[in-house]
Amino acid sequence: MKSKEKTKRPAEMIPVRRGQVYEIRIERLGTSGEGVGRYENFTVFVPQALPNERVLTVIEEVKKTYARGRIRKILQESPARVTPLCEIYDECGGCQLQHLSYEEQLHAKRAQVVDALTHIGKLPQIPVNATLRADDPWNYRNKMQFPIGVDRGRLIVGCFAQGSHRIINTENCHIQRSANNDLANAVREIVEKLHIPAYNEDTHKGILRHIVGRVGRGNDLMAVIVTATKQLPRAKDFVRMLRERLPNLVSVHQNIQTYRNNVIMGRDTELLWGRPTILDALGRLNFHISPRSFFQVNTRQAERLYEQALAYADLHGTETVIDAYCGTGTITLFLAQKARKVYGIEIVQPAILDARKNARDNHVKNAEFIVGDATAVLPALYKQGIRPDVVVVDPPRAGCTEIVLRTFANMKPRRIVYVSCNPATLARDLAILKDLGYITQEVQPVDLFPQTSHVECLSKLVRSDLM
(Lines give C-alpha, C1' and ligand atoms only; values in the text may rest on other atoms or scores of the structure.)
Protein backbone atom coordinates (compact mmCIF):
# COMPACT_ATOMS: atom_id res chain seq x y z
CA MET A 1 0.00 0.00 0.00
CA LYS A 2 2.82 2.41 0.87
CA SER A 3 4.62 1.79 -2.41
CA LYS A 4 1.47 2.71 -4.36
CA GLU A 5 1.11 5.94 -2.38
CA LYS A 6 4.68 6.90 -3.26
CA THR A 7 3.95 6.79 -6.99
CA LYS A 8 1.06 9.27 -6.78
CA ARG A 9 1.67 12.96 -7.32
CA PRO A 10 -0.38 15.55 -5.48
CA ALA A 11 -2.37 17.60 -8.03
CA GLU A 12 -0.31 20.70 -7.30
CA MET A 13 2.89 18.82 -8.26
CA ILE A 14 1.68 17.75 -11.74
CA PRO A 15 3.98 19.77 -14.04
CA VAL A 16 1.59 20.24 -17.00
CA ARG A 17 -1.68 22.13 -17.32
CA ARG A 18 -4.55 21.70 -19.73
CA GLY A 19 -4.41 24.18 -22.61
CA GLN A 20 -0.71 24.95 -22.12
CA VAL A 21 2.06 24.16 -24.63
CA TYR A 22 5.18 22.16 -23.72
CA GLU A 23 8.15 20.76 -25.59
CA ILE A 24 8.10 16.96 -25.34
CA ARG A 25 10.78 14.53 -26.49
CA ILE A 26 9.14 11.29 -27.65
CA GLU A 27 10.82 8.13 -26.33
CA ARG A 28 8.73 5.30 -27.76
CA LEU A 29 5.36 4.29 -29.18
CA GLY A 30 2.51 3.25 -26.91
CA THR A 31 0.31 0.21 -27.45
CA SER A 32 -2.21 2.30 -29.42
CA GLY A 33 0.46 3.76 -31.68
CA GLU A 34 0.70 7.11 -29.93
CA GLY A 35 4.01 8.78 -29.07
CA VAL A 36 5.05 8.49 -25.40
CA GLY A 37 7.29 11.13 -23.88
CA ARG A 38 7.97 12.79 -20.55
CA TYR A 39 7.92 16.32 -19.22
CA GLU A 40 9.75 16.70 -15.90
CA ASN A 41 9.45 12.92 -15.49
CA PHE A 42 5.67 13.05 -16.08
CA THR A 43 4.27 10.83 -18.86
CA VAL A 44 2.65 12.55 -21.82
CA PHE A 45 0.89 10.70 -24.68
CA VAL A 46 0.99 12.45 -28.05
CA PRO A 47 -0.88 10.82 -30.96
CA GLN A 48 0.97 10.85 -34.32
CA ALA A 49 4.29 11.70 -32.67
CA LEU A 50 7.21 9.35 -33.30
CA PRO A 51 10.21 8.18 -31.24
CA ASN A 52 13.19 10.60 -31.19
CA GLU A 53 11.00 13.54 -32.23
CA ARG A 54 10.77 16.81 -30.31
CA VAL A 55 7.26 18.22 -30.53
CA LEU A 56 5.46 21.28 -29.18
CA THR A 57 2.43 19.73 -27.55
CA VAL A 58 -0.87 21.31 -26.52
CA ILE A 59 -2.11 19.47 -23.41
CA GLU A 60 -5.77 18.43 -23.81
CA GLU A 61 -6.27 16.06 -20.88
CA VAL A 62 -4.55 15.74 -17.49
CA LYS A 63 -4.84 12.75 -15.14
CA LYS A 64 -2.99 11.92 -11.91
CA THR A 65 -0.34 9.79 -13.62
CA TYR A 66 -0.30 11.00 -17.23
CA ALA A 67 -1.43 13.65 -19.68
CA ARG A 68 -2.55 13.55 -23.29
CA GLY A 69 -1.92 16.22 -25.90
CA ARG A 70 -1.80 17.00 -29.61
CA ILE A 71 1.04 18.17 -31.80
CA ARG A 72 1.20 21.90 -32.46
CA LYS A 73 4.58 21.82 -34.19
CA ILE A 74 7.28 19.23 -34.87
CA LEU A 75 10.62 20.74 -33.83
CA GLN A 76 12.76 17.72 -34.71
CA GLU A 77 11.32 15.20 -37.17
CA SER A 78 12.02 11.48 -37.26
CA PRO A 79 13.59 10.19 -40.51
CA ALA A 80 10.97 7.41 -40.35
CA ARG A 81 8.09 9.89 -40.73
CA VAL A 82 6.19 9.63 -44.04
CA THR A 83 3.21 11.45 -45.54
CA PRO A 84 0.00 9.46 -44.85
CA LEU A 85 -1.67 8.11 -47.97
CA CYS A 86 -5.18 8.75 -46.65
CA GLU A 87 -6.68 12.25 -46.98
CA ILE A 88 -8.77 11.85 -43.81
CA TYR A 89 -6.04 10.19 -41.73
CA ASP A 90 -5.84 13.04 -39.21
CA GLU A 91 -9.55 12.63 -38.37
CA CYS A 92 -10.17 8.91 -38.82
CA GLY A 93 -9.64 6.36 -36.05
CA GLY A 94 -9.22 3.33 -38.31
CA CYS A 95 -5.42 3.54 -38.71
CA GLN A 96 -2.80 4.74 -36.24
CA LEU A 97 0.54 4.34 -38.04
CA GLN A 98 0.21 5.65 -41.60
CA HIS A 99 2.66 8.44 -40.70
CA LEU A 100 5.37 5.84 -39.94
CA SER A 101 7.31 4.05 -42.72
CA TYR A 102 6.33 0.41 -43.14
CA GLU A 103 9.78 -0.88 -42.17
CA GLU A 104 9.58 1.06 -38.92
CA GLN A 105 6.02 -0.16 -38.30
CA LEU A 106 7.42 -3.70 -38.33
CA HIS A 107 10.19 -2.74 -35.89
CA ALA A 108 7.69 -0.94 -33.63
CA LYS A 109 5.41 -3.99 -33.45
CA ARG A 110 8.29 -6.25 -32.49
CA ALA A 111 9.32 -3.69 -29.84
CA GLN A 112 5.76 -3.73 -28.47
CA VAL A 113 6.00 -7.50 -27.99
CA VAL A 114 9.48 -7.30 -26.42
CA ASP A 115 8.28 -4.57 -24.05
CA ALA A 116 5.27 -6.62 -22.91
CA LEU A 117 7.36 -9.76 -22.33
CA THR A 118 9.99 -7.77 -20.41
CA HIS A 119 7.81 -5.56 -18.23
CA ILE A 120 4.56 -7.54 -17.85
CA GLY A 121 5.72 -11.14 -18.11
CA LYS A 122 9.22 -10.53 -16.64
CA LEU A 123 10.49 -12.72 -19.47
CA PRO A 124 13.22 -10.66 -21.16
CA GLN A 125 15.14 -13.77 -22.24
CA ILE A 126 12.53 -15.02 -24.74
CA PRO A 127 13.73 -14.64 -28.36
CA VAL A 128 11.36 -12.48 -30.44
CA ASN A 129 11.73 -12.83 -34.21
CA ALA A 130 11.42 -9.97 -36.69
CA THR A 131 7.78 -9.18 -37.50
CA LEU A 132 6.53 -11.19 -40.45
CA ARG A 133 5.77 -8.52 -43.05
CA ALA A 134 2.89 -8.26 -45.50
CA ASP A 135 3.69 -8.35 -49.21
CA ASP A 136 1.38 -5.36 -49.69
CA PRO A 137 0.48 -3.28 -46.60
CA TRP A 138 -2.48 -1.61 -48.39
CA ASN A 139 -5.98 -2.67 -49.48
CA TYR A 140 -5.84 -5.94 -47.55
CA ARG A 141 -9.07 -5.96 -45.51
CA ASN A 142 -11.61 -8.45 -46.82
CA LYS A 143 -14.22 -7.21 -44.31
CA MET A 144 -15.70 -3.72 -43.90
CA GLN A 145 -18.05 -2.49 -41.17
CA PHE A 146 -18.95 1.16 -41.84
CA PRO A 147 -21.54 3.10 -39.80
CA ILE A 148 -24.21 5.10 -41.61
CA GLY A 149 -25.27 8.54 -40.40
CA VAL A 150 -26.20 12.10 -41.30
CA ASP A 151 -24.03 15.22 -41.28
CA ARG A 152 -25.73 18.58 -41.88
CA GLY A 153 -28.54 16.90 -43.76
CA ARG A 154 -26.24 14.78 -45.94
CA LEU A 155 -26.07 11.00 -45.63
CA ILE A 156 -22.57 9.77 -44.80
CA VAL A 157 -20.95 6.32 -44.71
CA GLY A 158 -17.51 5.78 -43.28
CA CYS A 159 -15.30 5.35 -40.22
CA PHE A 160 -15.65 6.67 -36.69
CA ALA A 161 -13.38 9.54 -35.73
CA GLN A 162 -10.65 8.66 -33.25
CA GLY A 163 -12.15 8.05 -29.80
CA SER A 164 -15.71 9.07 -30.74
CA HIS A 165 -18.89 8.05 -32.52
CA ARG A 166 -18.69 10.91 -35.00
CA ILE A 167 -18.72 9.43 -38.49
CA ILE A 168 -16.10 10.51 -41.02
CA ASN A 169 -17.40 10.16 -44.58
CA THR A 170 -15.03 7.72 -46.30
CA GLU A 171 -14.92 7.27 -50.07
CA ASN A 172 -11.60 5.44 -50.40
CA CYS A 173 -10.29 3.59 -47.35
CA HIS A 174 -6.75 2.57 -48.26
CA ILE A 175 -6.70 -0.56 -46.09
CA GLN A 176 -9.99 -1.91 -47.50
CA ARG A 177 -10.23 -4.12 -50.57
CA SER A 178 -11.50 -2.00 -53.46
CA ALA A 179 -14.76 -3.97 -53.68
CA ASN A 180 -15.67 -2.88 -50.14
CA ASN A 181 -15.04 0.78 -51.02
CA ASP A 182 -17.25 0.36 -54.10
CA LEU A 183 -19.99 -1.07 -51.90
CA ALA A 184 -19.83 1.77 -49.37
CA ASN A 185 -20.02 4.38 -52.14
CA ALA A 186 -22.90 2.60 -53.87
CA VAL A 187 -24.89 2.34 -50.61
CA ARG A 188 -24.40 6.05 -49.92
CA GLU A 189 -25.76 6.96 -53.35
CA ILE A 190 -28.64 4.47 -53.36
CA VAL A 191 -29.90 5.24 -49.86
CA GLU A 192 -30.02 8.95 -50.65
CA LYS A 193 -32.08 8.24 -53.78
CA LEU A 194 -34.45 5.91 -51.93
CA HIS A 195 -34.75 8.30 -48.93
CA ILE A 196 -34.22 5.54 -46.35
CA PRO A 197 -33.36 7.30 -43.07
CA ALA A 198 -30.14 6.60 -41.17
CA TYR A 199 -30.33 5.46 -37.55
CA ASN A 200 -29.70 8.01 -34.81
CA GLU A 201 -28.18 6.33 -31.74
CA ASP A 202 -29.18 9.25 -29.46
CA THR A 203 -32.88 9.29 -30.38
CA HIS A 204 -33.11 5.62 -31.39
CA LYS A 205 -34.97 6.69 -34.52
CA GLY A 206 -34.22 5.86 -38.14
CA ILE A 207 -33.42 2.59 -39.90
CA LEU A 208 -29.92 2.12 -41.33
CA ARG A 209 -27.10 1.45 -38.86
CA HIS A 210 -24.16 -0.12 -40.75
CA ILE A 211 -23.14 -1.51 -44.08
CA VAL A 212 -20.97 -4.63 -43.84
CA GLY A 213 -19.02 -5.87 -46.84
CA ARG A 214 -17.13 -9.12 -47.25
CA VAL A 215 -14.88 -9.96 -50.20
CA GLY A 216 -14.15 -13.58 -51.04
CA ARG A 217 -12.30 -15.59 -53.62
CA GLY A 218 -12.48 -14.20 -57.16
CA ASN A 219 -13.46 -10.79 -55.70
CA ASP A 220 -16.99 -12.05 -54.94
CA LEU A 221 -18.78 -9.48 -52.79
CA MET A 222 -21.31 -9.95 -49.98
CA ALA A 223 -23.35 -6.96 -48.74
CA VAL A 224 -25.05 -6.90 -45.33
CA ILE A 225 -27.25 -3.91 -44.50
CA VAL A 226 -27.74 -3.63 -40.72
CA THR A 227 -31.06 -2.08 -39.69
CA ALA A 228 -32.62 -0.94 -36.42
CA THR A 229 -36.00 -2.17 -37.69
CA LYS A 230 -37.30 -5.55 -38.79
CA GLN A 231 -38.41 -4.16 -42.13
CA LEU A 232 -36.16 -2.55 -44.74
CA PRO A 233 -38.23 -0.10 -46.80
CA ARG A 234 -37.92 -0.52 -50.55
CA ALA A 235 -35.76 -3.61 -50.09
CA LYS A 236 -36.34 -4.85 -53.65
CA ASP A 237 -35.28 -1.50 -55.09
CA PHE A 238 -32.25 -1.44 -52.81
CA VAL A 239 -31.12 -4.88 -54.02
CA ARG A 240 -31.81 -4.08 -57.69
CA MET A 241 -29.82 -0.85 -57.58
CA LEU A 242 -26.90 -2.52 -55.78
CA ARG A 243 -26.80 -5.26 -58.41
CA GLU A 244 -26.80 -2.69 -61.21
CA ARG A 245 -23.79 -0.87 -59.73
CA LEU A 246 -21.73 -3.84 -58.48
CA PRO A 247 -21.18 -6.59 -61.08
CA ASN A 248 -19.24 -8.77 -58.61
CA LEU A 249 -22.05 -8.73 -56.01
CA VAL A 250 -23.23 -12.28 -55.24
CA SER A 251 -25.12 -11.87 -51.96
CA VAL A 252 -27.29 -9.29 -50.15
CA HIS A 253 -28.46 -9.76 -46.56
CA GLN A 254 -30.36 -7.74 -43.99
CA ASN A 255 -29.19 -8.03 -40.39
CA ILE A 256 -31.53 -6.75 -37.66
CA GLN A 257 -29.98 -4.99 -34.65
CA THR A 258 -32.71 -3.35 -32.54
CA TYR A 259 -30.81 -2.93 -29.27
CA ARG A 260 -29.52 0.39 -27.93
CA ASN A 261 -25.88 -0.61 -27.75
CA ASN A 262 -22.68 -0.44 -29.77
CA VAL A 263 -22.81 -4.02 -31.04
CA ILE A 264 -22.67 -3.86 -34.83
CA MET A 265 -24.70 -6.92 -35.79
CA GLY A 266 -27.76 -8.54 -34.25
CA ARG A 267 -28.71 -12.19 -34.05
CA ASP A 268 -31.21 -12.33 -36.92
CA THR A 269 -30.14 -12.19 -40.56
CA GLU A 270 -32.34 -12.52 -43.65
CA LEU A 271 -31.07 -13.32 -47.14
CA LEU A 272 -32.55 -10.73 -49.50
CA TRP A 273 -30.91 -12.02 -52.67
CA GLY A 274 -28.17 -14.35 -53.90
CA ARG A 275 -26.03 -16.94 -52.16
CA PRO A 276 -26.16 -17.49 -48.38
CA THR A 277 -22.34 -17.52 -48.17
CA ILE A 278 -19.25 -16.51 -50.10
CA LEU A 279 -16.19 -18.69 -50.49
CA ASP A 280 -12.58 -17.92 -49.58
CA ALA A 281 -9.49 -20.08 -49.27
CA LEU A 282 -6.59 -20.46 -46.87
CA GLY A 283 -3.93 -22.67 -48.38
CA ARG A 284 -5.62 -25.80 -49.74
CA LEU A 285 -8.72 -25.30 -47.57
CA ASN A 286 -11.97 -23.62 -48.65
CA PHE A 287 -14.21 -21.76 -46.21
CA HIS A 288 -17.84 -20.72 -46.55
CA ILE A 289 -18.26 -17.29 -44.96
CA SER A 290 -21.68 -16.19 -43.75
CA PRO A 291 -22.55 -12.64 -42.62
CA ARG A 292 -21.59 -13.29 -38.99
CA SER A 293 -18.75 -15.80 -39.51
CA PHE A 294 -15.34 -15.07 -38.03
CA PHE A 295 -12.67 -15.07 -40.72
CA GLN A 296 -9.34 -13.27 -40.52
CA VAL A 297 -9.59 -9.93 -42.33
CA ASN A 298 -6.19 -10.29 -44.04
CA THR A 299 -6.36 -13.52 -46.04
CA ARG A 300 -2.72 -13.76 -47.17
CA GLN A 301 -1.28 -12.94 -43.75
CA ALA A 302 -3.72 -15.35 -42.11
CA GLU A 303 -2.28 -18.11 -44.30
CA ARG A 304 1.20 -17.26 -43.04
CA LEU A 305 -0.05 -17.16 -39.45
CA TYR A 306 -1.59 -20.62 -39.71
CA GLU A 307 1.41 -22.05 -41.57
CA GLN A 308 3.60 -20.86 -38.70
CA ALA A 309 1.20 -22.37 -36.15
CA LEU A 310 1.42 -25.68 -38.02
CA ALA A 311 5.23 -25.47 -38.02
CA TYR A 312 5.31 -24.78 -34.26
CA ALA A 313 2.90 -27.69 -33.62
CA ASP A 314 5.45 -29.99 -35.38
CA LEU A 315 2.94 -32.71 -36.21
CA HIS A 316 3.79 -36.09 -37.76
CA GLY A 317 0.38 -37.69 -38.18
CA THR A 318 0.13 -39.56 -34.88
CA GLU A 319 -0.77 -36.73 -32.50
CA THR A 320 -3.95 -35.73 -30.70
CA VAL A 321 -4.41 -31.96 -30.72
CA ILE A 322 -6.74 -29.60 -28.86
CA ASP A 323 -7.54 -26.25 -30.50
CA ALA A 324 -9.10 -24.02 -27.84
CA TYR A 325 -11.13 -20.96 -28.92
CA CYS A 326 -11.30 -22.43 -32.43
CA GLY A 327 -13.83 -20.02 -33.96
CA THR A 328 -14.98 -21.33 -37.34
CA GLY A 329 -12.24 -23.95 -37.32
CA THR A 330 -9.64 -22.33 -39.55
CA ILE A 331 -6.60 -23.31 -37.47
CA THR A 332 -8.26 -26.61 -36.52
CA LEU A 333 -8.53 -27.70 -40.14
CA PHE A 334 -4.94 -26.67 -40.83
CA LEU A 335 -3.84 -28.85 -37.91
CA ALA A 336 -6.04 -31.75 -39.01
CA GLN A 337 -3.99 -32.04 -42.23
CA LYS A 338 -1.04 -33.33 -40.17
CA ALA A 339 -2.60 -34.73 -36.95
CA ARG A 340 -4.36 -37.98 -36.07
CA LYS A 341 -7.23 -36.23 -34.24
CA VAL A 342 -8.09 -32.61 -33.48
CA TYR A 343 -10.68 -31.29 -31.02
CA GLY A 344 -11.91 -27.71 -31.63
CA ILE A 345 -13.57 -25.87 -28.73
CA GLU A 346 -15.61 -22.67 -29.12
CA ILE A 347 -18.32 -21.03 -26.98
CA VAL A 348 -20.18 -19.43 -29.94
CA GLN A 349 -22.58 -22.02 -31.37
CA PRO A 350 -22.97 -20.45 -34.87
CA ALA A 351 -19.17 -20.52 -35.21
CA ILE A 352 -19.13 -24.25 -34.38
CA LEU A 353 -21.88 -24.90 -36.94
CA ASP A 354 -19.72 -23.09 -39.53
CA ALA A 355 -16.67 -25.10 -38.39
CA ARG A 356 -18.50 -28.41 -38.85
CA LYS A 357 -19.68 -27.35 -42.30
CA ASN A 358 -16.16 -26.25 -43.23
CA ALA A 359 -14.85 -29.66 -42.12
CA ARG A 360 -17.44 -31.47 -44.25
CA ASP A 361 -16.80 -29.28 -47.30
CA ASN A 362 -13.05 -29.91 -47.05
CA HIS A 363 -13.57 -33.66 -46.45
CA VAL A 364 -11.84 -33.47 -43.07
CA LYS A 365 -12.98 -36.39 -40.91
CA ASN A 366 -10.48 -36.25 -38.05
CA ALA A 367 -11.72 -32.97 -36.52
CA GLU A 368 -14.37 -32.90 -33.78
CA PHE A 369 -15.95 -29.59 -32.73
CA ILE A 370 -17.38 -28.98 -29.26
CA VAL A 371 -19.62 -26.06 -28.22
CA GLY A 372 -18.81 -24.65 -24.80
CA ASP A 373 -16.66 -22.44 -22.62
CA ALA A 374 -13.06 -23.69 -22.66
CA THR A 375 -12.99 -23.19 -18.87
CA ALA A 376 -15.60 -25.96 -18.54
CA VAL A 377 -14.91 -28.11 -21.60
CA LEU A 378 -11.18 -28.62 -21.02
CA PRO A 379 -11.53 -30.06 -17.49
CA ALA A 380 -14.31 -32.31 -18.81
CA LEU A 381 -12.07 -33.63 -21.58
CA TYR A 382 -9.31 -34.17 -19.03
CA LYS A 383 -11.69 -36.24 -16.86
CA GLN A 384 -12.59 -38.29 -19.94
CA GLY A 385 -8.93 -39.24 -20.23
CA ILE A 386 -8.08 -37.15 -23.28
CA ARG A 387 -4.37 -36.29 -23.19
CA PRO A 388 -3.32 -34.12 -26.15
CA ASP A 389 0.19 -34.19 -27.53
CA VAL A 390 -0.18 -30.56 -28.65
CA VAL A 391 -2.46 -27.74 -27.52
CA VAL A 392 -3.15 -24.74 -29.72
CA VAL A 393 -4.87 -21.76 -28.15
CA ASP A 394 -6.11 -18.55 -29.80
CA PRO A 395 -8.05 -16.71 -27.08
CA PRO A 396 -9.82 -13.31 -27.20
CA ARG A 397 -7.89 -10.16 -26.21
CA ALA A 398 -8.44 -10.89 -22.51
CA GLY A 399 -6.28 -14.01 -22.84
CA CYS A 400 -6.85 -17.32 -21.02
CA THR A 401 -8.24 -17.88 -17.55
CA GLU A 402 -5.85 -19.48 -15.10
CA ILE A 403 -8.15 -22.53 -14.94
CA VAL A 404 -7.64 -23.07 -18.68
CA LEU A 405 -3.87 -22.68 -18.38
CA ARG A 406 -3.70 -25.06 -15.42
CA THR A 407 -5.80 -27.62 -17.30
CA PHE A 408 -3.38 -27.40 -20.23
CA ALA A 409 -0.52 -28.08 -17.84
CA ASN A 410 -2.37 -30.99 -16.17
CA MET A 411 -2.92 -32.58 -19.58
CA LYS A 412 0.87 -32.48 -20.08
CA PRO A 413 1.04 -31.86 -23.84
CA ARG A 414 4.54 -31.90 -25.29
CA ARG A 415 4.02 -28.51 -26.94
CA ILE A 416 1.69 -25.52 -26.65
CA VAL A 417 1.20 -23.07 -29.52
CA TYR A 418 -0.23 -19.79 -28.23
CA VAL A 419 -1.73 -17.39 -30.82
CA SER A 420 -2.48 -13.93 -29.46
CA CYS A 421 -3.80 -10.56 -30.65
CA ASN A 422 -2.73 -8.83 -27.40
CA PRO A 423 0.96 -8.81 -26.36
CA ALA A 424 0.06 -7.75 -22.80
CA THR A 425 -2.16 -10.74 -21.99
CA LEU A 426 0.18 -13.02 -23.94
CA ALA A 427 3.07 -11.97 -21.70
CA ARG A 428 0.98 -12.53 -18.56
CA ASP A 429 -0.10 -16.01 -19.69
CA LEU A 430 3.39 -17.08 -20.78
CA ALA A 431 4.63 -16.18 -17.30
CA ILE A 432 1.90 -18.35 -15.73
CA LEU A 433 2.72 -21.21 -18.09
CA LYS A 434 6.39 -20.93 -17.15
CA ASP A 435 5.45 -21.50 -13.50
CA LEU A 436 3.37 -24.48 -14.66
CA GLY A 437 6.34 -26.10 -16.39
CA TYR A 438 6.27 -24.74 -19.96
CA ILE A 439 9.18 -22.81 -21.45
CA THR A 440 8.58 -20.38 -24.30
CA GLN A 441 11.19 -21.07 -26.97
CA GLU A 442 10.37 -18.15 -29.25
CA VAL A 443 7.71 -15.63 -30.27
CA GLN A 444 6.85 -14.73 -33.86
CA PRO A 445 5.02 -11.42 -34.44
CA VAL A 446 2.92 -11.31 -37.62
CA ASP A 447 1.70 -8.09 -39.23
CA LEU A 448 -1.92 -9.00 -39.84
CA PHE A 449 -3.05 -5.36 -39.67
CA PRO A 450 -0.63 -3.01 -41.49
CA GLN A 451 -1.00 0.76 -40.84
CA THR A 452 -2.54 0.04 -37.43
CA SER A 453 -0.99 -0.45 -34.00
CA HIS A 454 -2.27 -4.04 -33.70
CA VAL A 455 0.07 -7.03 -33.86
CA GLU A 456 -0.64 -10.77 -33.87
CA CYS A 457 1.82 -13.18 -32.24
CA LEU A 458 2.57 -16.89 -32.17
CA SER A 459 4.50 -18.47 -29.32
CA LYS A 460 6.03 -21.94 -29.20
CA LEU A 461 6.17 -23.52 -25.74
CA VAL A 462 7.73 -26.86 -24.78
CA ARG A 463 7.31 -28.86 -21.59
CA SER A 464 10.38 -28.12 -19.49
CA ASP A 465 11.13 -31.77 -18.64
CA LEU A 466 11.52 -32.51 -22.38
CA MET A 467 14.16 -29.87 -22.97
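Values below: all heavy atoms of this structure, side chains included; hydrogens, waters and symmetry mates excluded. The first residue in the sequence is number 1, and the count goes up from there.
Leu242 has its side chain within reach of Ile190: a pair of non-hydrogen atoms, C-beta onward, lies under 4.5 Å apart. At a threshold of 4.5 Å between non-hydrogen side-chain atoms, the residues Arg292 and Val224 do not count as touching. No side-chain heavy atom of Gln301 sits under 4.5 Å from any side-chain heavy atom of Phe449. Counting heavy atoms from C-beta outward, Val417 and Val393 have side chains that stay 4.5 Å or more apart. Side-chain atoms of Tyr418 and Cys457, non-hydrogen and from C-beta on, never get closer than 4.5 Å to each other. The closest side-chain heavy-atom distance from Arg243 to Leu249 is below 4.5 Å. Between Ile345 and Asp323, every side-chain heavy-atom pair lies at or beyond the 4.5 Å cut-off. Residues Val321 and Pro388 have side chains not in contact (no heavy-atom distance under 4.5 Å, counting atoms from C-beta outward).
Counting heavy-atom neighbours within 6.0 Å of Glu61 CD, excluding the residue itself, gives a total above 12. The local environment of CZ in Arg240 is crowded, with over 12 non-hydrogen atoms from other residues, nucleotides or ligands closer than 6.0 Å. Heavy-atom contacts from other residues, nucleotides or ligands closer than 6.0 Å to CD of Glu87 number 12 or fewer. Within 6.0 Å of CG on Leu85 lie more than 12 heavy atoms contributed by other residues, nucleotides or ligands.
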Begin with the C-alpha distance, continue with both residues' side-chain angles, and end with the deciding distance and a verdict on side chain to side chain contact (heavy atoms under 4.5 Å, CB included) for Leu221 and Val250. CA-CA 6 Å; Leu221 176 63; Val250 300; 5.9 Å; no
Test log, rule salt bridge (Lys or Arg N to Asp or Glu O under 4.0 Å), inputs Lys460 and Asp314: CA-CA 10 Å; Lys460 178 182 180 183; Asp314 191 21; 5.6 Å; no
Evaluate the criterion side chain to side chain donor-acceptor pair (under 3.5 Å) for residue pair Asp447 and Thr131; output intermediate values, then yes/no. CA-CA 6 Å; Asp447 192 19; Thr131 307; over 6 Å; no
Report the C-alpha separation of Arg188 and Asn169 in whole Å, then their side-chain angles, then the decisive distance to 0.1 Å, and conclude whether the side chain to side chain donor-acceptor pair (under 3.5 Å) test is met. CA-CA 10 Å; Arg188 187 188 300 106; Asn169 199 51; 3.0 Å; yes
Show your reasoning for whether side chain to side chain contact (heavy atoms under 4.5 Å, CB included) applies to Lys236 and Trp273. CA-CA 9 Å; Lys236 289 183 179 179; Trp273 170 82; over 6 Å; no
Side chain to side chain contact (heavy atoms under 4.5 Å, CB included) evaluation trace for Val390 with Val392: CA-CA 7 Å; Val390 178; Val392 178; 4.3 Å; yes
Show, in sequence, the C-alpha distance, side-chain angles and deciding distance for Asp220 and Val215, and conclude whether the side chain to side chain contact (heavy atoms under 4.5 Å, CB included) test is met. CA-CA 6 Å; Asp220 285 352; Val215 184; over 6 Å; no
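In this structure, the side chain of Thr328 does not engage the main chain of Ser293 through any donor-acceptor pair within 3.5 Å. In terms of modelled atom types and a separation under 3.5 Å, the side chain of Asn286 and the main chain of Ala281 share no donor-acceptor contact. Checking side-chain atoms of Glu53 against main-chain N and O of Ser78 turns up a donor-acceptor pair under 3.5 Å. Checked by atom type and distance alone, the side chain of Tyr306 never pairs as donor or acceptor with a backbone atom of Leu282 at under 3.5 Å. A donor-acceptor pair is defined here as one N or O able to donate and one able to accept, closer than 3.5 Å; such a pair exists between the side chain of Arg141 and the backbone of Lys143. Using modelled atom types, no side-chain atom of Asn358 and backbone atom of Phe287 make a donor-acceptor pair closer than 3.5 Å. Under the 3.5 Å distance criterion, the side-chain polar atoms of Thr425 are matched with a main-chain donor or acceptor of Arg397. Looking at Asn298, its side chain does come within 3.5 Å of a backbone N or O of Leu448 through a donor-acceptor pair. Looking only at distances, a side-chain donor or acceptor of Ser420 sits under 3.5 Å from a matching main-chain atom of Asn422. Although no hydrogens or angles enter the test, the distance criterion places a donor-acceptor pair under 3.5 Å between the side chain of Gln105 and the main chain of Gln451.
A salt bridge is absent between Glu192 and Arg154; no separation between the charged side-chain nitrogens and carboxylate oxygens falls under 4.0 Å. Ion pairing between a basic and an acidic side chain is recognised when a charged N comes within 4.0 Å of a carboxylate O; Arg304 and Asp135 show such pairing. Classification of Arg340 and Asp389 as a salt-bridged pair fails, no side-chain N sitting under 4.0 Å from a carboxylate O. Ion pairing of Glu319 with Lys338 is absent here, as no side-chain N (NZ or NE/NH1/NH2) approaches a carboxylate O to less than 4.0 Å. Taking the charged nitrogens against the carboxylate oxygens, Arg70 and Glu60 do have a contact shorter than 4.0 Å, which makes a salt bridge. Between Asp354 and Lys357 no salt bridge is recorded (no basic side-chain N to carboxylate O distance below 4.0 Å).
Side-chain N/O atoms of Asn261 and Gln257 include a donor and acceptor closer than 3.5 Å. The closest side-chain donor-acceptor pair between Asn129 and Glu442 falls under 3.5 angstrom. Inspection of the Gln254 and Thr227 side chains reveals an N or O donor paired with an N or O acceptor under 3.5 Å. Side-chain atoms of Asn255 and Arg209 form no donor-acceptor pair, as typed in the model, at a separation below 3.5 Å. Side-chain contact, His210 with Tyr199: no donor N or O sits under 3.5 Å from an acceptor N or O. In summary, the side chains of His253 and Ser251 do present a donor paired with an acceptor at a separation below 3.5 Å, with no hydrogens or angles considered. Judged purely by distance below 3.5 Å, without hydrogens or angles, the side chains of Gln444 and Tyr312 never pair a donor atom with an acceptor atom.
Here the straight-line distance linking atom NZ of Lys365 with atom NE2 of His363 works out to 9.0 Å at 0.5 Å rounding. The distance from atom CG of Leu405 to atom SG of Cys400, rounded to the nearest 0.5 Å, is 5.0 Å. Distance check: Thr332 OG1 to Phe369 CZ gives 4.5 Å after rounding to the nearest 0.5 Å. Within the model, atoms CZ of Arg177 and CZ of Arg214 stand 12.0 Å from one another, a figure rounded to the nearest 0.5 Å. Rounded to the nearest 0.5 Å, atoms CG (Leu426) and CG (Leu117) are 6.0 Å apart. Note that CZ of Phe160 and CD of Glu91 are 14.5 Å apart. Values are rounded to the nearest 0.5 Å.
Here the shortest heavy-atom pairing between Pro423 and Ala116 reads O-CB, 3.5 Å. The minimum heavy-atom distance linking Cys95 with Thr452 is given by the pair CA-CG2, 4.4 Å. Between Phe334 and Leu285, the closest heavy-atom pair is CD1-CD1, 3.5 Å. Residues Val226 and Val212 approach most closely at CG2-CG2, 4.1 Å, considering heavy atoms. Across all their heavy atoms, Pro445 and Val455 have their closest contact at CB-CG2, 4.0 Å.
Cation-pi geometry between Lys341 and Tyr343 is met: the NZ or CZ atom falls under 6.0 Å from the ring centre, inside 45° of the normal.
For an aromatic pair to be called close, the ring centres must be under 6.0 Å apart, and His174 with Tyr89 fails this.
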